[in-house]
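Below, read A as the first sequence line, B as the second, and so on, with proteins coming before strands; counting in each chain starts at 1.
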Number of protein chains: 2
Amino acid sequence: MDDETAPQKGTVTQRAIERIKAMIGEGRLEPGQRLPTERDLAAQLGMSRSSMREAIRALTVLGVLEARHGSGIYVTQLEAGDLLETFGVVADLSRGPRLVELLEIRRILESTATALAAARITADQLAEVERHLAAMNATDDPEEILAHDLAFHREIAVAAGNETMAAILEGLSSRTFRARVWRGYQEEGAFARTRREHAAIHRALAARDPEAARTAAAAHVGEVEEWLRTQLGP
Amino acid sequence: MDDETAPQKGTVTQRAIERIKAMIGEGRLEPGQRLPTERDLAAQLGMSRSSMREAIRALTVLGVLEARHGSGIYVTQLEAGDLLETFGVVADLSRGPRLVELLEIRRILESTATALAAARITADQLAEVERHLAAMNATDDPEEILAHDLAFHREIAVAAGNETMAAILEGLSSRTFRARVWRGYQEEGAFARTRREHAAIHRALAARDPEAARTAAAAHVGEVEEWLRTQLGP
DNA sequence: TGGCGCATAGTGGTCCGACCACATCGCGGA
DNA sequence: TCCGCGATGTGGTCGGACCACTATGCGCCA
């Protein structure tokens with residue numbers, strides 16, 4: 001009573017992916033809910049366990065499902081972070097001109113997010129931002145700097161109140177992406193400039209000045225963007 | 001001579017995914033290139049064909065690989081459109097407050113893209129925009145209107161010169177997403193307003209006025225955003 | 001001689017059955 | 001009462017078989 005309308009479109013696995021996505025879209029599967037076993041699911045949709053496993057794997061990498069060995073398959077919370085994890089793949093596999101495009105997008109979103117954060121950030125969140133700022137200036141270990149740099153911007157994005165935007169920015173700042181771009185940038189002695197820019201962003205946040213925050217954030221990303229552009233240009 | 005560093009981390013399939021991604025990242029696999037057969041790949045990485053197939057399926061849905069039945073497996077062109085196709089999944093599975101967040105992101109990106117387009121659009125591209133605008137106003141079929149609406153904005157995004165941004169906006173305007181949101185919006189007699197807003201956007205493009213274009217686009221998306229916000233609010 | 005069509009080999013797609021690794025729960029003993 | 005260990009069920013892996021489709025090239029026909 002469930003598969004009679006077999007449209008035969010595409011591969012069996014592809015159909016299974018669509019079916020499961022549809023079940024979630026229609027609300028028949030709630031976030032966090034456990035699915036039937038692979039064997040049962042395969043039987044219900046009239047296909048082999050192998051094909052069903054491929055479908056499940058596909059939805060797993062998309063951040064829609066989560067498979068726990070020995071326990072079962074569960075729908076994720078379907079939050080922005082879950083679904084946009086794959087965004088990092090784009091950043092990782094991009095190069096050349098597309099890296100500049102990604103930085104351009106980050107500049108647009110980051111400047112807006114920082115402006116919003118200036119208007120909405122709480123005292124606690126601001127304290128957290130300051131903590132990462134201080135930690136960043138207190139060490140010379142590039143790895144640690146990078147980690148706090150990431151956390152610094154993530155805290156701001158969260159304070160902007162748009163989790164989806166924060167997740168996208170997170171993807172645009174994936175470790176491998178930043179490592180690839182930042183390495184060359186920082187080697188040119190840009191540490192001092194980066195610290196100055198971070199300080200300017202923090203100042204604007206503390207002053208609750210959205211326009212200053214927007215400008216500072218745009219300049220911060222724009223610096224790297226311009227540097228990368230010249231690297232690729234001639 | 002190729003798998004001795006087996007770190008045993010995670011599942012076999014997961015390792016295969018990382019390996020293939022790494023091969024592409026390191027340039028050992030070029031866009032458009034054909035991969036070895038599933039059987040060979042599995043043998044090279046010392047795993048079963050089943051596990052390798054899951055890895056390939058995963059990379060296929062991510063838009064990194066493309067499998068052609070009877071022919072072979074190929075690396076995609078790795079262009080923004082290929083990799084960001086999965087962005088539509090986010091839009092499809094989101095609901096409630098996250099829909100507003102997505103529209104907010106679209107407003108930010110779309111307004112910037114429209115402003116850039118105003119400065120860069122060519123005569124041919126502008127003519128194409130006008131064609132879709134006219135077609136949109138010449139019919140009452142909601143499906144056709146939606147199609148030309150999509151094409152209208154896509155043409156503008158392309159004219160902005162950032163393919164990655166165009167691909168993201170494409171995902172944020174996926175058919176099912178717009179159908180879900182637009183339906184209710186248009187039922188409230190918003191057709192006239194939408195036409196007015198589209199006309200304003202076109203006017204700003206024709207006048208090569210980036211600021212007017214930014215404002216018009218932001219207002220256009222913002223209208224829907226506000227409507228959706230009130231729908232969810234009380 | 002030239003082109004067409006079919007046989008064939010090779011590829012991804014699907015299915016099956018078996019076994020392994022891990023998580024969970026319940027029963028029995030201390 | 002509580003702890004521990006084994007039974008059970010789950011996802012993870014494997015190997016092989018067969019199907020569906022493509023591409024290639026050979027041989028036949030015009």
Side-chain angles (χ1 to χ4, degrees), chain A residues 2-4 6-21 23-24 29 31-77 82, chain B residues 2-21 23-24 29 31-76 82:
Chain A
D2 52 328
D3 61 305
E4 308 314 334
Q8 288 279 31
K9 59 173 177 181
T11 71
V12 173
T13 302
Q14 197 61 39
R15 257 183 291 159
I17 294 176
E18 299 302 331
R19 289 285 293 268
I20 297 178
K21 271 201 327 194
M23 285 190 215
I24 297 175
L29 288 177
Q33 182 176 340
R34 179 164 182 257
L35 275 70
T37 70
E38 294 178 345
R39 295 160 173 90
D40 288 349
L41 269 177
Q44 282 179 28
L45 299 193
M47 67 182 64
S48 75
R49 192 186 162 206
S50 316
S51 301
M52 177 55 70
R53 272 190 61 78
E54 286 188 27
I56 292 170
R57 172 72 63 176
L59 290 170
T60 295
V61 302
L62 288 181
V64 176
L65 299 182
E66 179 191 0
R68 300 180 203 160
H69 192 169
S71 173
I73 307 166
Y74 301 81
V75 182
T76 68
Q77 292 306 118
D82 301 323
Chain B
D2 53 326
D3 60 304
E4 308 315 332
T5 63
Q8 288 278 32
K9 58 172 179 180
T11 70
V12 173
T13 302
Q14 197 61 37
R15 257 182 292 159
I17 294 175
E18 300 300 334
R19 290 286 293 267
I20 297 178
K21 269 200 329 195
M23 285 191 215
I24 297 175
L29 288 176
Q33 183 176 339
R34 181 168 181 269
L35 275 70
T37 69
E38 294 179 345
R39 294 160 174 90
D40 288 348
L41 270 178
Q44 282 179 29
L45 299 194
M47 67 183 66
S48 74
R49 195 188 160 204
S50 315
S51 300
M52 178 53 72
R53 272 190 61 78
E54 286 187 26
I56 292 170
R57 172 71 63 177
L59 290 170
T60 295
V61 302
L62 288 181
V64 176
L65 298 182
E66 179 190 1
R68 301 181 203 158
H69 190 172
S71 172
I73 307 165
Y74 301 81
V75 183
T76 67
D82 300 323

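Taking both residues in full, the closest heavy atoms of Ala58(B) and Val61(A) are given as CB-CG1, 3.7 Å, listed atom of the first, atom of the second, then distance.
Remark: P of dT14(C) and CZ of Arg49(B) are 11 Å apart, rounded to the nearest angstrom. Note: CD (Glu38(A)) to C1' (dG17(C)) measures 15 Å, nearest angstrom.
Think of the region where chain B sits on DNA chain D: with heavy atoms and a 4.0 Å cut, that region ends 5' and 3' at dG12(D) to dT22(D).
The side chain to side chain donor-acceptor pair (under 3.5 Å) search around Ser50(B) returns none, not counting sequence neighbours. For Arg53(B), the side chain to side chain donor-acceptor pair (under 3.5 Å) partners are Glu54(A), Glu38(B), not counting sequence neighbours. Every side chain to side chain contact (heavy atoms under 4.5 Å, CB included) that Ala42(A) has, sequence neighbours left out, goes to Met47(A), Met52(A). Thr76(A) is linked by a side chain to side chain donor-acceptor pair (under 3.5 Å) to nothing, counting only residues two or more places apart in sequence or in another chain.
When each of Val75(B), Leu35(B), Leu29(B) is paired with Met23(B), the side-chain contact (heavy atoms from CB on, under 4.5 Å) condition holds for Leu29(B) and for no other.
The side-chain heavy atoms of Asp82(A) and Gln77(A), taken from C-beta on, include a pair separated by under 4.5 Å. Side-chain contact between Ile56(B) and Thr60(B) is present, with heavy atoms from C-beta onward closer than 4.5 Å.
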Taking distance alone, no hydrogens or angles, what donor-acceptor pairs closer than 3.5 Å link side-chain atoms of residues 64-71 of chain A to residues at least two apart or in another chain?
residue  : atom : partner  : partner atom : Å
Ser71(A) : OG   : Tyr74(A) : OH           : 2.7

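Between Val12(A) and Arg39(A), the residue anchored nearer the 5' end of DNA chain C, judged by the nucleotide with its closest heavy atom, is Val12(A).
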So which protein nitrogen or oxygen atoms get under 3.5 Å of nucleotides 21-25 of chain C's nitrogens or oxygens?
residue : atom : partner  : partner atom : Å
dA21(C) : N3   : His69(A) : NE2          : 2.9

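Fit an axis to the five pairs at each end of the helix from dT1(C)-dA30(D) to dA30(C)-dT1(D) and the two axes sit 0° apart, to the nearest 10 degrees.
If you check residues 50-60 of chain A against DNA chain D, the residues with a heavy atom closer than 4.0 Å are Arg53(A), Arg57(A), listed by number.
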